[in-house]
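Here the structure is laid out as C-alpha cells; the discussion comes afterwards.
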Amino acid sequence: MVSPDRFTVNASILFTELPLLKRPAAAAAAGFDKIELWWPWVDAPVPERSELDALRSALEDAQVQLTGLNFYAGQLPGPDRGALSVPGEESEKFRANIDVTADFAQSVGCKALNALYGNRVDGATEAEQDALALENLALAARAADRAGAVLLIEALNAPESPKCPLVSAPRALEVVDAVNKATGLDNARFLMDLYHLSMNGEDLPAVIEAHTGKTAHVQIADNPGRGAPGTGSLDFDSLFSHLDKAGYDGLVGLEYKPGDNGSAASFGWRQK
C-alpha cells in the first residue's frame with residue numbers, strides 16, 4: 001500500500017479557498033510535507049521575480065517540498081488543456097516559460113515538470129500541431145534535464161477534454177517515446193492520472209501493469225465526480241496494490257476536488 005509520506009497535495013485544486021502563498025502552510029497543517037502545482041500565474045508565463053521569490057519563501061517557511069510543477073498551460077482550469085501544441089501566441093508563451101519554470105524548479109529542488117499537450121485548434125492541421133508539440137516538448141525536456149528533473153506527459157480524458165489528442169495511456173506513451181528519441185535524454189515519462197484514465201474507460205490494472213515502467217508520477221481522484229477517494233466507485237486499495245506489484249514506488253498526487261466542507265476536511269479517507 002502507499003505509505004502516507006508518498007502523498008503530495010495538488011495545491012492548485014485543493015486549498016484554493018486560500019491565496020497561493022498560504023497554501024503550503026495549510027498543507028503542512030493538514031499533515032503533508034509535499035505539494036505540487038499547476039502553473040500558478042495563468043496570465044503570466046514569465047511572472048515578476050518578486051512573485052517567484054514569494055512562492056519560494058512560502059515553501060521554505062512552511063517546510064514543504066514542491067514535488068511537481070506544470071509548465072505554462074493557458075487557462076487552467078478553464079477552456080485550455082495546454083499550450084505547447086497551439087501555434088502562434090500560445091506556443092510562444094510556452095517557450096518563454098520553459099526556462100522560468102525549470103530554473104524555479106531547480107531553485108526549490110522540484111524534480112518533476114509536467115507539460116500539457118494542448119487542444120486541437122482551427123487553422124492548423126494535426127500534423128502541424130504534432131510537429132510543433134514535439135519541438136516544444138524537446139525544448140522542455142532539455143530544460144528539465146538541466147534542472148535535474150523529469151518531463152511528465154499526461155493523458156487527459158475525452159469526455160472533459162474532447163479537443164485534446166492525448167486521451168489514452170497508449171497515446172501519451174507514444175509521445176513519451178517520441179520525445180526521448182528526439183532528445184536522446186530519456187527523461188520523458190508518463191504521468192498516470194487514474195481519474196482521467198478511468199473517465200476514458202481504460203482498464204486501470206492493465207494500464208498499471210503495462211506502463212508503470214515508464215511512469216514517473218501518479219495522480220488520483222475518485223470517479224465519478226473527481227472527489228476524494230471514497231466519494232466515487234474506484235477501489236483505491238486495489239489500485240494501490242496493483243501499483244505496488246508493478247514496482248511503482250514514486251509519489252501519488254492528490255488532485256481531487258475537496259467538496260463542500262473544504263480542503264482540510266477532505267483527507268479523512270487517509271485514516272481508513
Side-chain angles (χ1 to χ4, degrees), residues 7-30 32-78 80-86 89-118 136-154 185 187-189 191 216-217 219 251 253-255 263:
F7 289 122
T8 181
V9 177
N10 190 298
S12 293
I13 191 169
L14 286 154
F15 296 113
T16 56
E17 60 268 36
L18 299 171
L20 173 65
L21 298 182
K22 292 187 177 182
R23 295 177 204 169
F32 297 94
D33 61 2
K34 303 175 187 68
I35 68 168
E36 59 187 24
L37 288 168
W38 303 337
W39 183 247
W41 302 281
V42 172
D43 297 317
V46 183
E48 296 294 331
R49 181 173 294 276
S50 60
E51 295 189 84
L52 294 163
D53 290 343
L55 178 55
R56 186 182 300 107
S57 295
L59 292 164
E60 292 171 352
D61 291 346
Q63 297 184 309
V64 167
Q65 176 65 51
L66 184 67
T67 60
L69 179 63
N70 283 16
F71 288 100
Y72 169 79
Q75 297 290 323
L76 189 71
D80 299 330
R81 293 295 182 266
L84 61 91
S85 66
V86 181
E89 184 179 0
E90 285 303 287
S91 173
E92 291 170 5
K93 287 180 179 179
F94 178 82
R95 291 191 181 193
N97 172 256
I98 288 174
D99 284 337
V100 177
T101 299
D103 289 347
F104 181 78
Q106 186 173 30
S107 76
V108 297
C110 175
K111 301 296 186 183
L113 299 176
N114 185 23
L116 288 174
Y117 201 86
N136 282 337
L137 284 167
L139 293 172
R142 294 186 181 103
D145 183 65
R146 291 194 297 272
V150 296
L151 176 72
L152 297 175
I153 296 171
E154 179 178 7
L185 294 172
N187 72 327
R189 292 290 182 271
L191 193 168
H217 190 46
Q219 290 176 331
L251 299 178
L254 309 182
E255 196 185 51
S263 299

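Remember, it's a predicted structure, so these values are computed and weren't measured experimentally.
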Salt-bridge present (D53, R56; N to O < 4.0 Å): yes
Do L113 and T101 make a side-chain contact, defined as non-hydrogen atoms from C-beta onward lying under 4.5 Å apart? yes
Qualifying residue, where the test is side chain to side chain donor-acceptor pair (under 3.5 Å) with H217 and the options are K111, R189, E36: E36
Do you know the tightest heavy-atom contact between A28 and A62? CB-O, 3.9 Å
Would you compute the distance between atom CZ of R81 and atom CG of L116 and round it to the nearest 0.5 angstrom? 9.0 Å
Do the side chains of V86 and S91 get nearer than 4.5 Å, heavy atoms only? no
Below 4.0 angstrom, N of the basic side chain to O of the carboxylate: do R146 and D99 qualify? yes
Test F71 against every option in W39, Y117, F94, F104 by the ring-ring contact (aromatic ring centres under 6.0 Å, His included) rule and name the one that passes. F94
What verdict does the side-chain contact (heavy atoms from CB on, under 4.5 Å) test give for L69 and N114, after you've listed the backbone C-alpha separation in whole Å, the side-chain angles of each residue and the deciding distance to 0.1 Å? CA-CA 6 Å; L69 179 63; N114 185 23; over 6 Å; no
Donor-acceptor pair, distance only, cut-off 3.5 Å: does the side chain of N187 make one with the backbone of V150? no
With a 4.5 Å limit on heavy-atom distance, are the side chains of V46 and Y72 in contact? no
Set out, in order, the CA-CA distance, both residues' side-chain angles and the distance that settles side-chain contact (heavy atoms from CB on, under 4.5 Å) for E48 and E51, then state yes or no. CA-CA 5 Å; E48 296 294 331; E51 295 189 84; 4.1 Å; yes
Ignoring hydrogens and angles, tell me if any N or O in the side chain of N10 forms a donor-acceptor pair with the backbone of S12 under 3.5 Å. yes
Residue that, paired with L55, satisfies side-chain contact (heavy atoms from CB on, under 4.5 Å) out of V108, L66, L37: L37
How far apart are the closest heavy atoms of A112 and A149, and which atoms are they? N-CB, 4.0 Å
Which heavy atom of L151 sits nearest to which heavy atom of A141, and what is that distance? CD2-CB, 3.8 Å
Heavy-atom nearest pair, L152 first then L191, reads CD1-CD1, 3.9 Å
Given side chains that start at C-beta, do those of L185 and R142 come closer than 4.5 Å, heavy atoms only? yes
Could you walk me through whether E90 and K93 pass the salt bridge (Lys or Arg N to Asp or Glu O under 4.0 Å) check? CA-CA 5 Å; E90 285 303 287; K93 287 180 179 179; 3.6 Å; yes
So OG of S263 and CG of L18: to nearest 0.5 Å the spacing works out to 7.5 Å
Within a strict 4.5 Å, meaning less than it, do heavy atoms of the L137 and L84 side chains meet? yes
Can you check side-chain contact (heavy atoms from CB on, under 4.5 Å) on N70 and L76, steps first, answer last? CA-CA 10 Å; N70 283 16; L76 189 71; 3.9 Å; yes
How about L20 and R23: do any of their side-chain heavy atoms sit closer than 4.5 Å? yes
Under the criterion side-chain contact (heavy atoms from CB on, under 4.5 Å), I'd like the reasoning laid out for L59 against I35: C-alpha separation, chi angles, the key distance, then a yes or no. CA-CA 9 Å; L59 292 164; I35 68 168; 3.8 Å; yes
Taking all non-hydrogen atoms of both residues, which atom of A143 and which atom of A102 are closest, and how far apart? O-CB, 3.7 Å
Testing L254, T67, V9 one by one against K34 for a side-chain contact (heavy atoms from CB on, under 4.5 Å), which residue passes? T67
What's the shortest heavy-atom distance between V64 and P24, and which atoms? CG2-O, 3.4 Å
Is there a side-chain contact between W41 and L52 (heavy atoms, below 4.5 Å)? yes
Measuring from atom CD of E60 to atom CD of Q65, what distance do you get when rounded to the nearest 0.5 angstrom? 10.0 Å
